Amino acid sequence: MSISQSAIRNPQWIRPLVRELHPYVCGEQPKIKGLIKLNTNENPYPPSPKVLAAVRAAVDGRLRLYPSPTAQALREKLTKLHCCHADNIIVGNGSDELLALATRCFVEPDGRVTRGPNKNVSGTRVTRPSEVVQYFTPSYSLYPVLADIHGATKNPVALKPDFSLPSVAELKRGRRKPPEGGTPNRWDFNAALTFVTTPNAPSGRGYSTKELESLCRAQRGVVVLDEAYVDFAEENAMKLALKHPHVLVARTFSKAYSLCFQRIGYFVGHHDLIAALHKIRDSYNVNGLGQVAAVATLDDLPYCRANFRKVIVTREWLSRELTKLGFRVFPSQTNFILAQPPLFSAKDWLKKFRDRKILVRWFNSHEVKKYLRITIGNPTEAKALVKAARKVLLG
Ligand SMILES: Cc1ncc(COP(=O)(O)O)c(C=O)c1O
């Protein structure tokens, strides 16, 4: 039984909003050994030996001390990578923490009185940001949960059927009908907070900086460009965070930098937004060993970049092989692919792969339930997946 399913014995102590909340569902972390784990977009390659050495060297008497509350050394390193200042950066306990902080920082919970017109960071008069958290569907399934936790209004708006971004003109034209059911919604150019997963998850589709910029320009509230997978993509939109005062770019060390375990993510953006986020974060929100690991990672970027390339080569190989077997594979700019399997439903394939000791991900939501999301493993794992798929098809 998961934590969320356990019976609440004394519901009166718990806020109704929390009682009714559907929490985020994490991908399975298997307890059985020997499974090939292609379900949570972890990197198949370990952190660099230099990172492991740095973490080991930090495990000493220092553990009794608090870490830097602002992840100072890490932010300094990141300023060099992104050509910005330390006050343009906030580090979080994974980018998930920062997505949650952004929701708390920029969005009014439902039912609160919103005050009249206000000025935005560039001094223009705008209507005060609303209680709306907006995102495309499908995208990262945490966004609606964050909105629900905060008691905000959600505005999910469908991507196009091929998971491309609707243009601003298309968004202005009216309601977007999701491909298979679901409520069509109108895009809200005044939403307090808009999350855009770019490249998109779970489809893997990449977006150009040009189209993202058009969208950002049209938004009057804060836009978070969630670039969790961008190191596997052709383009990134970091420059938008340093150009537009209402745009934040979210990055993580989890996926491309093999540090899921350490929980390090960061936002880059205008110093006013970043300062507001610093105000509401926990005092020591980023653990010390994580900070050490991330700094050491930035000192060994060639190692990481070689891994990005390996993942991309395997991704292209796997896409080709699965296509040959009759899977419909969407082009990906991430470390996973979305594929519609042949012959059986995606849910059945999930089980068939699991029976063959391979974990992949299936989402029970109307837009993507026809598909499997498959993390790109190492070449041996990818070959094992293709072999298993072939066996399933041969019966
Ligand atoms: C789109 C997207 N954003 C953010 C995250 C969170 O990453 P982190 O490990 O930094 O919290 C994930 C994790 O799966 C993700 O898929």
Side-chain angles (χ1 to χ4, degrees), residues 23-29 37-44 47 71 74 78 89-103 133-147 149 156 159 163 165 193-207 212 223-233 236-238 241 248-268 277 281-282 285-287 289-291 293-294 297 304 311 332-338 359-363 365 367-368 371 373-376:
Y24 177 74
V25 182
C26 295
E28 180 184 351
Q29 297 296 344
K37 195 168 175 306
L38 305 176
N39 65 335
T40 48
N41 300 341
E42 288 141 324
N43 198 308
L74 175 54
L78 288 168
I89 300 175
I90 180 169
V91 181
N93 182 34
S95 52
D96 278 351
E97 185 200 17
L98 298 170
L99 302 174
L101 278 185
T103 310
V133 173
Q134 174 165 257
Y135 45 88
F136 289 104
T137 59
S139 67
Y140 187 26
S141 52
L142 180 68
Y143 308 145
V145 179
L146 295 178
I149 292 171
L159 287 169
F163 308 112
L165 277 184
L193 181 59
T194 299
F195 287 120
V196 183
T197 318
T198 170
N200 178 256
S203 73
R205 174 138 200 155
Y207 302 129
L212 291 168
V223 181
V224 172
L225 301 175
D226 182 350
E227 292 196 329
Y229 301 99
V230 83
D231 298 282
F232 306 103
N236 72 74
M238 184 54 86
L248 293 162
V249 164
R251 293 279 181 94
T252 177
F253 280 80
S254 293
K255 316 291 179 176
Y257 299 91
S258 309
L259 284 184
C260 284
F261 199 75
Q262 295 282 13
R263 310 298 303 123
I264 304 282
Y266 62 98
F267 271 1
V268 177
L277 290 161
R281 66 171 168 76
D282 284 348
N285 63 327
V286 184
N287 81 86
L289 293 179
Q291 294 186 33
T297 300
C304 304
V311 168
S332 168
Q333 293 205 21
T334 60
N335 67 338
F336 56 84
I337 51 172
L338 192 75
L359 281 186
V360 296
R361 191 96 193 252
W362 174 73
F363 295 95
S365 80
E367 294 113 338
V368 286
Y371 310 112
R373 194 197 67 187
I374 305 168
T375 302
I376 306 305

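These numbers come from the heavy atoms of this one structure, side chains and all, not from hydrogens, waters or symmetry mates. Keep in mind that this is a model prediction, so the values were computed, not measured. Counting convention: from 1, in listed order, for ligands and their atoms alike. Residue numbers start at 1 and run along the sequence shown.
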Open item on the list: Show me which atoms of ligand 1 lie under 4.0 Å from any heavy atom of Gly94.
Closed with: 10 (O), 11 (O)
TODO: Under 4.0 Å from a heavy atom of Ser254: give me the atoms of ligand 1 that qualify, with their elements.
DONE: 8 (P), 9 (O), 10 (O)
- [ ] Mind checking the CG-CD1 spacing from Leu101 to Ile90? Nearest 0.5 Å is all I need.
- [x] 6.0 Å
- [ ] State, with a plain yes or no, whether a side-chain heavy atom of Pro199 is found less than 4.5 Å away from one of Val230.
- [x] yes
Task: Identity of the nearest option to atom 10 (O) of ligand 1, non-hydrogen atoms only, from Ile264, Thr252, Thr40 - done: Thr252
Task: Numbered atoms of ligand 1 (with element) below 4.0 Å of Arg263, judged on heavy atoms - done: 8 (P), 9 (O), 11 (O)
Open item on the list: Pairs of nitrogen or oxygen atoms closer than 3.5 Å, one from Tyr24 and one from ligand 1: do any exist?
Closed with: no
- [ ] Report yes or no: does a heavy atom of Asp226 sit under 4.0 Å from some atom of ligand 1?
- [x] yes
- [ ] Quick one: closest heavy-atom pair of Ile89 and Val268, and the distance?
- [x] CG1-CG2, 4.3 Å
Open item on the list: Within ligand 1, which atoms have a heavy atom of Thr197 less than 4.0 Å away?
Closed with: 1 (C)
Open item on the list: On a heavy-atom basis, which atom in Asn335 and which in Asn41 lie closest, and how many Å separate them?
Closed with: ND2-O, 3.0 Å
Task: Side-chain touch Leu74/Phe253, heavy atoms, less than 4.5 angstrom - done: yes
Open item on the list: Among all the protein's non-hydrogen atoms, which is closest to atom 16 (O) of ligand 1, and how far away is it?
Closed with: Tyr229 OH, 2.7 Å
Open item on the list: Is there a polar contact, in the sense of an N or O pair closer than 3.5 Å, between Asp96 and ligand 1?
Closed with: yes
Open item on the list: Once you restrict to heavy atoms under 4.0 Å, what part of Ser95 touches ligand 1? Side chain, backbone, both or neither.
Closed with: both
- [ ] Can you sort out which atoms of ligand 1 are near Lys255, meaning under 4.0 Å from one of its heavy atoms?
- [x] 13 (C), 14 (O)
- [ ] May I have the step-by-step check of ring-ring contact (aromatic ring centres under 6.0 Å, His included) for Tyr143 and Tyr140, ending in yes or no?
- [x] CA-CA 6 Å; Tyr143 308 145; Tyr140 187 26; 5.5 Å; yes
- [ ] Check whether the side chains of Thr252 and Lys255 place a donor and an acceptor atom closer than 3.5 Å, and report yes or no.
- [x] no
Open item on the list: Quick check for you: to the nearest 0.5 Å, what is the distance between Glu227 atom CD and Leu212 atom CG?
Closed with: 8.0 Å
TODO: For Gly265 and ligand 1, answer yes if some heavy atom of the residue is under 4.0 Å from a ligand atom, otherwise no.
DONE: no
